[in-house]
Structures are given as structure tokens and as C-alpha cells.
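The structure under discussion appears below in the form of C-alpha cells.
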Number of protein chains: 2
Amino acid sequence: MTNPSKQNYKLTQTMLRIKDPSTAIPFYRDVLGMILLDQYDFESMGFSLYFLAYEDALIGEPPAPGPDRVAWVFSQVASIELTHNWGTESDESFTGYHSGNGELKGFGHIGITVPDVYAACARFDELGVDYVKRPDDGSMKGLAFIKDPDGYWIEVLSTQGISDIISMNAATARG
Amino acid sequence: MTNPSKQNYKLTQTMLRIKDPSTAIPFYRDVLGMILLDQYDFESMGFSLYFLAYEDALIGEPPAPGPDRVAWVFSQVASIELTHNWGTESDESFTGYHSGNGELKGFGHIGITVPDVYAACARFDELGVDYVKRPDDGSMKGLAFIKDPDGYWIEVLSTQGISDIISMNAATARG
């Protein structure tokens, strides 16, 4: 399983725009359980970037804030980059960001794998999280979609659950 | 740097819809250098899922196709899930997917970290890749954005280059 076109590239982030960091950051930190790796405030351009990831997926220890910390952040795989364009949080004419799942489709979701989808959803219920699909909705049982505060979809699955769903519903074609 | 709300969750994928796997898969494989981890064809629902990731980021050896392979795919961090709804590739009325960066904004991009942005872009030039921003366009030198075949943006950066850009342009606020 080696690609002859292999380069030393790494997939390091997925960027989503957020309306208000005071709701988005607590969601990714306290509900999803990520940690904030670093924050960059571009004052002259009026935006901030927040990088979050799961602690267990981090490569190496975080250096102190500064250039080494930046290099470390951009060496991590699987981080979420949240972009806040200043002012949207208090702009009453701002109608919010597009999830990619409305009339115009594109980006679908990010996906998290959890040990137990039902246990995770019980926790999400306690925390007042919005759902697109509860684990027992529809034909694909044991698979949920929740929404972040901006309406982006987050798939919640377990390796066992998704393996069962794919065994029941899909042909697996690749060796 | 530990989150008291830490759960055993993993960020495993970012899903993007694609019009035509015969152009999208070669791009992610041959241009970006990823490998195809597995493919799932949902015949009754008329769609296929393709999972790709960078070989060097993989955790564990791939099991043979089947349920163990599925569990392995959904245990990987930083994979790309490409969703193909059958028929779009030959539907002349299909106008394509939305990148998240047009009039309706949301999802921005995925980002790859490369050893040398200029070398990567020289290679992308040879391969006929479309650009949103070449590395020397605009004020942020050494940072590029390319487009995948569906028009999704891919940021191309290096740890040194982004560290320089952030040092020059941003306040870093987090410890």
C-alpha cells in the first residue's frame, strides 16, 4: 500500500468559519473534548484563527508560544482551524455561515469516532447539543449527526457501528 | 495541556462531495500523494464513499477488505471522505458543488503542510493544477491555495513559512 506519487505532505487542518468564538470554542473544547493549540490574531486584517485538536492525536510536546509553537501547530494532523472574522458576532445583519448541506451542497461534515455512540449522545443530550440525526433515526442505526454552534454537521460514529452499517449496506470494493 | 472534558474521541474525517471520482481520486492520489484506504458502494442508496489519507499518518497496518478493514479506516485520523452521488458525473444539468468560498461562505479549505511550498507548487504546475493563490501572490508570501477538481480549496504551507507569516502579521495570545 504505497503510492508512487507519495510526497512528504501531511493533511494538517480543516478550516471552518465561525460567527462567534465565545460559543464555538467552548463547543469544540467542552462538548467535543478538544484542546486549543494556539490562537492567532491578525489585527490589521481583522480576523483570528483558532486551532484545536484532540490531545491524544498530538505529535510531540507543545513548545512555548512563539515561532516554535506555530511550527508545532502546523505539524499536527487532524486539527480544526476556526476562522473568526471580527464583528460577525455582534452584526445583526450577518445571517451566519453555510453548512454545505443546504440547497447549495459541498462540504458535508467532519467526523469523530467515539467508543460508544449512544453514550456520547447521552452526554451530548445533557449538554444541550442539536442533532441532525439521532443514533436511532433512519435506517442507519448507531450513527448520529450533531451540529456545532454555526450549524456545521459532525458525524458521530464508532468503529463497530460503522463496520456493521457498511457490512449491511455497502459493497467494499478495494483491496 | 489537558482538557477536563477530554473524552476518548478522535477526529477521523472531513467529508467533501465530489462530482466525478474519475477526476477526484486521481487528484488526491497522484497530485496530493494520498492513498485510497477503502471504497464503499451503497447500491440501494446510489452513492459511494472513498476514504483517502497520507500513508505516513496511518495507524497500524491495513487489514484485508471486510469489517476489520472498515474499523481500521474509521480509526485513522486525518482522512478525507469523498462522497460520490451516482450520476452527477454525467448529468449535464448538474452545476457542481459549492466550495464554501463563494457568496455563501462556510467551510474554507483543507490544509496540507509540505516541506517546501515553492517546490510543491513547481510540481503542481507541471501537473496542471489550478490555483486560488500562488505562493508569491498577495502579502502572505510562501503560502499557496490550490483547487481540487471540484473547486474545493487546499491550502499549501510549510511550518517555516507559516511561522514567518504569523510572526510578521499576528499576535499569538495563547499559552
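Since the model is a prediction, treat every value here as computed from it, not as a measurement. Letters go in sequence order (proteins before strands), and every chain restarts at 1.
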Donor-acceptor contact below 3.5 Å, side chain B:Ser79 vs main chain B:Phe51: no

Is the shortest side-chain heavy-atom distance between A:Val70 and A:Asp68 below 4.5 Å? no

Okay, B:Pro67 and chain A: the region with an atom under 4.5 Å from a heavy atom over there is both

Side-chain (B:Arg29) to main-chain (B:Ala24) donor-acceptor, under 3.5 angstrom: no

Look up atom CD1 in B:Ile18 and atom CZ in B:Phe27, then write down how far apart they are to the nearest 0.5 Å. 12.0 Å

Within residues 98-110 of chain A, which positions have a heavy-atom distance to chain B below 4.5 Å? A:His98, A:Gly100, A:Asn101, A:Leu104, A:Lys105, A:Gly106, A:Phe107, A:Gly108, A:His109, A:Ile110

Heavy-atom distance under 4.5 Å to chain A: side chain of B:Asp30, backbone, both or neither? both

Tell me, out of A:Thr95, A:Asp164, A:Ile162, who's got the most heavy-atom pairs with chain B below 4.5 Å. A:Ile162

Counting only heavy atoms not in B:Glu55, do more than 12 fall under 6.0 Å of its CD? yes

Contact between A:Phe74 and A:Leu37 at the side-chain level, heavy atoms closer than 4.5 Å - yes or no? no

Bottom line for B:Tyr54: the part with an atom under 4.5 Å from chain A's heavy atoms is side chain

Starting at OG of B:Ser5, measure out to OH of A:Tyr28 and round the result to the nearest 0.5 Å. 15.5 Å

Within residues 111-126 of chain A, contacts to chain B at heavy-atom distances under 4.5 Å involve A:Gly111, A:Ile112, A:Thr113, A:Val114, A:Pro115, A:Ala120, A:Arg123, A:Phe124

Identify the heavy atoms of A:Gln76 and A:Leu58 that sit nearest to each other, and give their distance. OE1-CA, 3.3 Å

Please classify the contact between A:Ser44 and chain B as side chain, backbone, both or neither, with a heavy-atom cut-off of under 4.5 Å. neither

Turns out that what part of B:Val31 lies under 4.5 Å from chain A's heavy atoms comes down to backbone

Highest number of heavy-atom pairs under 4.5 Å with chain B among A:Ile59, A:Val77, A:Asn169 belongs to A:Asn169

What's the separation between atom CG in B:Leu32 and atom CG in B:Leu52, rounded to the nearest 0.5 Å? 9.5 Å

Rounded to the nearest 0.5 angstrom, the OH-CG distance for B:Tyr50 and B:Leu36 is 8.5 Å

Say you draw a straight line from OG of A:Ser90 to CG of A:Asp20; how long is it, rounded to the nearest 0.5 Å? 8.5 Å

Determine which residues belonging to residues 144-157 of chain A lie within contact range of chain B, meaning some heavy atom pair is under 4.5 Å apart, and list them by number or answer 'none'. A:Tyr152, A:Glu155, A:Leu157

Between A:Lys141 (side chain) and A:Asp136 (backbone), is there a donor-acceptor pair under 3.5 Å? yes

Do you know which two heavy atoms are closest between B:Ser158 and B:Gly161, and how far apart they sit? OG-N, 2.9 Å

Ignoring hydrogens, what is the shortest heavy-atom contact between A:His84 and A:Glu89? Give both atom names and the distance. NE2-OE1, 2.7 Å

Can you tell which of A:Arg17, A:Glu43, A:Met45 has the highest number of heavy-atom pairs within less than 4.5 Å of chain B? A:Arg17

Contact part of A:Thr83 toward chain B, heavy-atom cut-off under 4.5 Å: side chain, backbone, both or neither? neither

Sorted by number, residues from residues 9-16 of chain A in contact with chain B (heavy atoms, under 4.5 Å): A:Tyr9, A:Lys10, A:Leu11, A:Thr12, A:Gln13, A:Thr14, A:Met15, A:Leu16

Below 4.5 Å, heavy atoms only, C-beta onward: do A:Ile80 and A:Met34 meet side chain to side chain? yes

I'd like to know if the side chain of A:Lys133 and the backbone of A:Leu143 have a donor-acceptor N/O pair within less than 3.5 Å. yes

Closest approach of B:Val73 and B:Tyr40, non-hydrogen atoms and distance? CG2-OH, 3.5 Å

One should read off an interatomic distance between A:Arg134 CZ and A:Tyr131 OH, to the nearest 0.5 angstrom, of 5.0 Å

Using the rule that Ile, Leu, Val, Met, Phe, Trp and Tyr join whenever any side-chain heavy atoms are under 4.5 Å apart, tell me whether A:Trp86 and A:Phe42 fall into a single cluster. no

So, A:Ser48 side chain and A:Asp41 main chain: donor-acceptor pair closer than 3.5 Å or not? no

For A:Glu81, is it the side chain, the backbone, both, or neither that has a heavy atom closer than 4.5 Å to a heavy atom of chain B? side chain

What is the minimum heavy-atom distance between A:Asp91 and A:Ser93, and which atoms define it? OD1-OG, 2.7 Å

